[in-house]
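This structure is a prediction, so every number in the text was calculated from the model and none was measured. Lettering follows sequence order; numbering is per chain, from 1.
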Amino acid sequence: MTTPLNAESAPASTTRSATPIILDSIGYAGMGVREQSPLLDGLNPQQKEAVEYRGQALLIIAGAGSGKTSVLTRRVASLLETRDAWPSQILAITFTNKAAAEMRERVHAILGQASDGMWISTFHSSCVRILRREADKIGLSSTFSIYDSADSRVTLKRIIKALDADTYGFTPGSAGAKISKLKNELADADSYARNANMSDPQEVMFVEIFRQYSARLRAASALDFDDLIGETVYLFRAFPKVAALYRRRFRHLLVDEYQDTNHAQYALVHELTRPVAAELAQEMEDDGVHVRNLRDATGAIPGASLTVVGDSDQSIYAFRGADTRNISGFERDYPGAKVILLEQNYRSTQNILSAANAVIGHNFDRTDKKLWSAGGDGEKIIGYTAYSGHDEAQFVSDEIQVLHSAGMAYRDMAVFYRTNAQTRALEEILVRSATPYRVVGGTKFYERAEIKDALAYLIAVANPVDELALRRILNTPKRGIGPATETGLSSFADDNGLTFRQAMRNSAALGLGPKVTGAILKLAELLDAAALMLVPTRVTGDGVPIGGSNVSEVLEFLLAGSGLLAVLRGSRDPQDEARAENIEELVAQTKDFNKENPDGGLVDFLTQVSLVAAADDLDDASGTVSLMTLHTAKGLEYEAVFLTGVEEGLLPHQMSANEPGGPAEERRLFYVGITRARQRLYLSLAMTRAQFGNINVAMPSRYLQEIPAELIDWKQSPGTANSHGGTQPRALNARREGGFGGFGNSLSGSGNGSTSGSNSAQAGLPPGKPKTEWANKITGTVRDNGALELTAGDRIRHHDFGEGRVNQVTGEGTKRIAHVQFDTAGAKKLLIKIAPIEKI
DNA sequence: TTAAGTTATCTTTTT
DNA sequence: GATAACTTAA
């Protein structure tokens, strides 16, 4: 190809400046001239510039809904169309496989076969691809295992137990978080130890944990998620010649969601875009690597061009080490970088955007950016305050039905929440109302125990030195190998310098019972036999071809040989039936994999499985409502969005309160949620929220106050919400007409919106604090029975359930719960503080 | 060694 | 309210 890098001094805009006016009138066909590529159809001037700019470094600040993905894909297409790049010279990096798949699809739609050879993938899968190829350089097996967080946890747990480190206050979680954080900063145990205060015994202990953790992973030829990035950076830094090959190959790097990159990812991008020094370039040429037409006047290969897209307002992964300074410092890191701002929003109505702007405006320390839309105000945001999480779910479900009967497809609606635990109530109600839905993420398929078991068999075959996988399957299904035998094998291996697998093969030397020894040997033989199946086809002495099996054949062999599936099928536990079905689903997936990747081996399958993310299996074509966390919602958009649980303690989440920058990050999360909506946005909250099986009072989120009152139409505002909840809230809440008096409540009469309901005139009920304004003034004060004392044996009257007898009172303070046997309504648990009850 | 039963702890968000 | 972690019985 010709010299694409000259473009630096001759940006496309100048070469093409002859036809700016025509560009603006595109759409009326006939523009066969190359310069008026249809790639620019329907783009605004900033977007066009972002597509066409040719230079060393480009930063696109893309507000929510500003057409970022479209710009990015068209930019890739444009690079090819103008012959500034070959497909193989492009590396586009996203955060999720889903985003990568979408981009690949869109690029393919524009270019067809021309997109072959391009790398469009996540940070993690790009790194795996590189690392598998170069594994031997850094002392890894090319079939290295990838440990997910659960695997890391198990490993850390064993280490902590062996070191008695829990006496120093270490848990697998705390140690893991700290190690992850350090790895994201590209530190290892040694570099950390150099700067640590080693007179602090806790620090000494941590360093030891870190060391052993690294050692175990190494011994198992395994990498955790953080290592995938870190080791790639290490590889490039330690082996300049290897790095040079990739720098030569990838001439155009595009990184999406740049605001969410952590230091390691930043460093990786930096390594990939560095120039190759003249001497090294010469060496490569001498080695027969084709680099001549890439070299500049000095003989060096200039750094690849870099395009990053981001929006610091949507940075929601600081907890994972994301550093927005990567984006704010971009112009410093890449001098001469071009910055393009995309502010026009093509997604949402102005009302939604105004709410979003107002909310995010409360974050200080940000460059002001105002999203605007030419699409009109649209509907108001709907607010709803429910009595309980269940009630809230019912509201969501009802509104979904309303939208659906008004013609909106289920797939255009989504329900968001802060924590995965919130799905339970939603699912319950959606099932009951026969609403088709799917939970995106959450307890993922591949995290199920039985799936991890089956995969562990495959991993043990692919990577025989992986002790973790072996120990997982050692007694799964049960074959009489207990923990004692397991540790025995492990220390036997350590003492004799063997791997766990070798120890298994030599287990006869341990002097265990014949039954146990037999079981161990049988497992070892099974795995060995499976490994042989994978060796490429060859012919035995008597002419029988063997080997060359694909993934599903090996998996089926292992399942049959181990009895894993048979045991589940024969079990009397009804849940095991579902487990067996899951394993069969896994088998089906391996068959699909074989079909889609005829050349793909076992390791490829395992890699794919290890790196699938929550949002990945999101199938837009399925006609279902999507349920997901706010985090997985990033990058997606829906006609209607239900943002649930907008409460203090949930959004912002309790845990964020103590973290520096926590509340601001939570606000961005809220902002991300709001900006996913195209037409309709619903904000809902509950006055009580169940967690850990008991019920807590919840207060409206502080962020609600930040939205101008006139943008929200409260079907039931936090102030006026009555407390008719429980099992029959529908008829009572009377929200459809927007009024609250349907049940003889005297709310409007008293003018204070207190939640005392129709019982307010009766004695024994302390009046709620009078409230004055409600519209959107969130005070969080709800009914307060305050000091109402109840003891077992008391008779009470409930507004909805009638009279009953208190059996028991549990909990303390505001969380006291009365267990009541109602005369007609049955047994209920009530939160005394807010329940519409009185003593009689 | 396993199965069954009991208790403690837990939850933020994810590649 | 679910799961991991622990106890006890067989």
*B:dT14 phosphate, OP1 or OP2, under 4.0 Å from A:N420 side-chain N/O*: yes
*A:F123 CZ - B:dT15 C1' separation (whole Å)*: 11 Å
_When you measure from the side-chain N and O atoms of A:T485 to the phosphate of B:dT1, is any distance below 4.0 Å, counting only OP1 and OP2?_
yes
*Which of the following nucleotides, B:dT13, B:dT11, B:dT2, is nearest to the side chain of A:M655?*
B:dT11
*Mind checking the P distance from B:dT11 to C:dC6? Whole angstroms is fine.*
16 Å
*Return the nearest nucleotide to the side chain of A:R320; candidates are B:dT14, B:dT2, B:dT12.*
B:dT14
*State whether the aromatic ring of A:Y317 stacks on the base of B:dT14, taking stacking to mean ring centres under 5.5 Å apart and ring planes under 30° to each other.*
no
_In whole Å, I'd like the distance from the CD atom of A:Q259 to the P atom of B:dT13._
20 Å
*Just how far, in rounded Å, is P of B:dT15 from CG of A:L223?*
18 Å
*Would you call A:K181-A:D226 a salt bridge at under 4.0 Å N-O?*
no
_Between C1' on B:dT15 and CZ on A:F95, what's the gap in Å once rounded to a whole number?_
9 Å
_Spacing between A:R424 atom CZ and C:dG1 atom C1', to the nearest angstrom_ = 6 Å
_Quick check: on DNA chain B, is the nucleotide nearest A:P483 upstream (toward 5') of the one nearest A:A421, or the reverse? Name the residue that is more 5'._
A:P483
*A:H631 side-chain N/O to A:I316 backbone N/O, donor-acceptor pair under 3.5 Å*: yes
_Tell me whether the side-chain N/O atoms of A:N475 come closer than 4.0 Å to OP1 or OP2 in B:dT2._
yes
*Once you round it to whole Å, what is the distance between C1' of C:dG1 and CZ of A:R689?*
16 Å
*Separation of A:K183 atom NZ from B:dT14 atom P, in whole Å?*
21 Å
_Check A:R479 with A:E486, please: is the shortest side-chain N to carboxylate O separation under 4.0 Å?_
no
*Is any side-chain nitrogen or oxygen of A:T629 closer than 4.0 Å to OP1 or OP2 of B:dT14?*
yes
_A:E665 CD - B:dT14 C1' separation (whole Å)_ = 12 Å
_Distance-only polar pair, side chains of A:D466 and A:S145, donor-acceptor under 3.5 Å_ = yes
*In terms of the nearest nucleotide of DNA chain B, which residue is placed more toward the 5' end: A:R479 or A:H653?*
A:R479
*Between A:E257 and A:K68, is there a salt bridge with N-O shorter than 4.0 Å?*
yes
